[in-house]
Protein chains: 2
Amino acid sequence: MARSTMQQRMLGALRPADLEAEPERWQQQKSTRTRLRIVEAAIACLLGGGYAGLTTHRIAAHLGISRGAMQHHFPTRDDLVAAVVEHVFYARMRLFLDDYLSGIAQAGEDNLVEIATAAHWRSMQSEEYAAYVELAVAARSDAALRAVFEPAARRYDEVWVSEMIESFPQWRARWEAMKLASDFVTCAHLGMLLQRPTFGDARIEQLNGLVSDVVRGLYHA
Amino acid sequence: MARSTMQQRMLGALRPADLEAEPERWQQQKSTRTRLRIVEAAIACLLGGGYAGLTTHRIAAHLGISRGAMQHHFPTRDDLVAAVVEHVFYARMRLFLDDYLSGIAQAGEDNLVEIATAAHWRSMQSEEYAAYVELAVAARSDAALRAVFEPAARRYDEVWVSEMIESFPQWRARWEAMKLASDFVTCAHLGMLLQRPTFGDARIEQLNGLVSDVVRGLYHA
DNA sequence: ACAATAAAAGTCCGATCGGATGGTTTTTTG
DNA sequence: CAAAAAACCATCCGATCGGACTTTTATTGT
């Protein structure tokens with residue numbers, strides 16, 4: 001499996017429309033760059049103040065541009081939120097793939113499951129995944145956000161599942177068990193992320209060992 | 001284990017100060033009742049609009065009292081948030097205990113671990129636990145909330161762990177494994193709760209079976 | 001070069017936030 | 001019954017939110 005093939009396929013299916021334009025026109029190039037900077041500033045505000053801190057005022061101040069400029073690129077706040085959601089899912093996938101594929105390149109393809117599990121846990125420490133958590137929880141009580149978030153989440157999930165089947169041929173005979181293992185790791189790691197401030201690192205590390213054992217058990221069952 | 005003993009011990013350690021007063025004076029009784037109604041209305045707003053929706057205006061409107069009355073009972077918003085945090089942890093423990101102890105009363109004490117696991121998952125469907133999730137995530141990016149939330153979370157965890165040791169004598173020889181199982185169920189269920197909108201009920205049900213298997217495996221190891 | 005277009009800036013508005021203040025009703029107390 | 005205290009109510013204030021608007025600057029097309 002060539003590294004570029006897998007990356008291209010998974011990221012291409014999630015890439016926001018913004019980033020697909022060719023940089024022919026100078027102004028268009030400038031525009032897409034500013035849009036990206038706005039989205040990144042929005043994520044910074046999301047991390048700094050939660051979904052409630054995702055305000056047009058703060059984003060503009062954080063980026064040092066006027067609110068009028070922001071309004072030119074994102075006419076309404078909902079447009080910006082939609083772009084942030086797209087970007088967060090894309091970045092989440094990209095971060096995992098970078099870690100996972102470099103892990104394979106370094107450690108070989110003997111323990112793909114262990115490499116993937118460890119990469120998944122590391123990718124959850126990222127700011128992008130923290131932004132995902134903020135959005136996922138906010139979507140539970142914000143209908144407008146949910147209307148944007150849930151379709152993106154399902155799209156991400158579909159890409160994830162189909163690529164799992166593609167990338168782990170040794171599981172192909174029991175791809176139901178593999179899907180279960182994948183779902184399990186996702187849920188366990190997410191819960192561990194949120195409970196870590198309460199449990200502390202030592203207990204979380206024990207849980208990481210348990211999660212690995214369970215995945216190994218599913219693989220050899 | 002008498003039902004009242006366990007309830008008394010665990011809930012007593014978490015009971016908010018409000019609910020401990022004796023109803024001697026009529027006015028004091030009225031006051032504590034109003035405080036409780038305000039906290040419950042606050043939780044309703046928390047569920048309806050997330051932590052950002054937890055505003056003094058909305059709470060007063062939802063309850064039908066004036067903001068001045070609210071300000072009499074909770075001089076500042078932070079005081080109210082602190083009371084909400086206390087109440088959420090208390091209600092979370094109470095809900096689990098109700099389900100768990102009635103499960104024991106109905107099904108006997110043969111499968112305590114299975115009963116506890118199922119009761120834990122059911123208690124997570126409650127509104128009080130949804131409020132806990134909102135607060136836990138908001139505390140990640142709100143220092144003022146975190147200063148109130150994390151100590152309460154640790155207190156809840158300490159009560160939980162010590163009571164686990166007390167209540168499952170058959171695990172006593174390997175109480176480290178039991179603590180690991182408890183942490184595991186907490187994290188797995190929390191992740192499942194947040195991923196359910198994406199995964200759907202069928203996959204979550206499969207995960208529930210896997211979680212039960214893992215806990216059984218830890219028990220018989 | 002010059003009109004058209006895109007990007008960015010600056011300003012105003014209504015709504016709502018948390019907090020503060022002063023007045024009213026109800027209960028307790030002497 | 002009258003004074004004190006507690007519970008409750010009605011507004012006002014400064015700050016900040018999202019959105020609409022006009023103006024200025026930079027780039028593009030002819």
Side-chain angles (χ1 to χ4, degrees), chain A residues 18 21-42 45-46 48-84 138 141-145 147-148, chain B residues 18 21-42 45-46 48-84 138 141-145 147-148:
Chain A
D18 298 4
E22 304 87 21
E24 292 188 352
R25 311 261 179 267
W26 191 358
Q27 201 159 170
Q28 193 171 353
Q29 184 179 353
K30 189 177 174 185
S31 177
T32 57
R33 183 157 30 100
T34 304
R35 285 177 66 93
L36 181 60
R37 286 174 60 213
I38 292 175
V39 169
E40 288 173 344
C45 292
L46 192 58
Y51 187 68
L54 191 64
T55 72
T56 56
H57 288 264
R58 288 197 200 182
I59 295 167
H62 185 273
L63 193 52
I65 66 171
S66 72
R67 299 191 346 99
M70 264 196 48
Q71 207 153 24
H72 171 73
H73 294 281
F74 299 100
T76 170
R77 181 177 174 274
D78 290 348
D79 298 325
L80 174 57
V81 169
V84 168
S141 56
D142 185 318
L145 174 59
V148 178
Chain B
D18 299 2
E22 304 85 21
E24 292 188 352
R25 310 259 179 269
W26 191 357
Q27 201 160 171
Q28 193 171 353
Q29 184 178 354
K30 190 177 175 185
S31 177
T32 58
R33 182 155 31 100
T34 303
R35 285 177 67 95
L36 180 60
R37 286 174 60 212
I38 291 174
V39 170
E40 289 173 344
C45 292
L46 191 58
Y51 186 68
L54 192 64
T55 71
T56 56
H57 288 265
R58 287 197 201 182
I59 296 167
H62 185 273
L63 192 53
I65 66 172
S66 71
R67 298 193 343 100
M70 263 194 50
Q71 210 153 20
H72 172 73
H73 293 281
F74 299 100
T76 170
R77 180 177 174 274
D78 290 348
D79 298 326
L80 174 57
V81 169
V84 169
S141 57
D142 184 319
L145 174 59
V148 178

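Note on naming: letters A, B, ... go to the chains in the order of the sequence lines (proteins, then strands), and numbering restarts at 1 for each one.
If you take CG on L80(B) and CZ on R35(B), they are separated by 9.0 Å, rounding to the nearest 0.5 Å. Considering NE2 of H62(A) and CZ of R37(A), their distance stands at 11.0 Å, rounded to 0.5 Å.
Within the 4.5 Å cutoff, the side chain of I38(A) has heavy atoms near those of the I65(A) side chain. Contact check for L63(B) versus M70(B): no side-chain heavy atoms found under the 4.5 Å cut-off. By the 4.5 Å heavy-atom criterion applied to side chains, T56(B) and Q71(B) are not counted as neighbours.
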Measure all distances between protein nitrogen or oxygen atoms and nitrogen or oxygen atoms of nucleotides 23-25 of chain C, and list the pairs falling under 3.5 Å.
none

| Working for side chain to side chain contact (heavy atoms under 4.5 Å, CB included), residues V39(B) and F74(B) | CA-CA 10 Å; V39(B) 170; F74(B) 299 100; 4.0 Å; yes
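For G50(A) against S141(B), the heavy-atom pair with the smallest separation is N-OG, 3.2 Å. The shortest heavy-atom contact between L54(A) and A42(A) is CD1-O, 3.1 Å. Minimum interatomic distance between A52(B) and T55(B) (heavy atoms only, all atoms of both residues): O-CG2, 3.5 Å.
Put simply, NE2 on H72(B) is 13 Å from P on dA5(D), counting in whole angstrom units. Rounded to whole angstrom, the span from the CZ atom of R37(A) across to the P atom of dA7(C) amounts to 14 Å. D142(B) places its CG atom 17 Å from the P atom of dC17(C), with the value rounded to the nearest Å. Per the geometry, CD1 belonging to I59(B) stands 15 Å off P belonging to dC9(D), to the nearest Å. Between the CG atom of L36(A) and the C1' atom of dA7(C) there is a distance of 17 Å, rounded to whole Å. Atom-to-atom, CG of L80(B) to C1' of dG19(C) comes out at 14 Å; the value is rounded to the nearest Å.
Distances shorter than 4.0 Å separate none of the side-chain N or O atoms of H73(A) from OP1 or OP2 on dA6(C). Phosphate contact (OP1/OP2 of dA8(C), side-chain N/O of T34(A), threshold under 4.0 Å): present.
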| query | For nucleotides 18-23 of chain D, read 5' to 3', which letter fits each nucleotide if B means a protein heavy atom sits under 4.0 Å from the base, S means only the sugar-phosphate is that close, and - means neither? | reply | BBBB--
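If you check dA9(C), dA7(C), dA7(D) against the side chain of S66(A), the one that comes closest is dA9(C).
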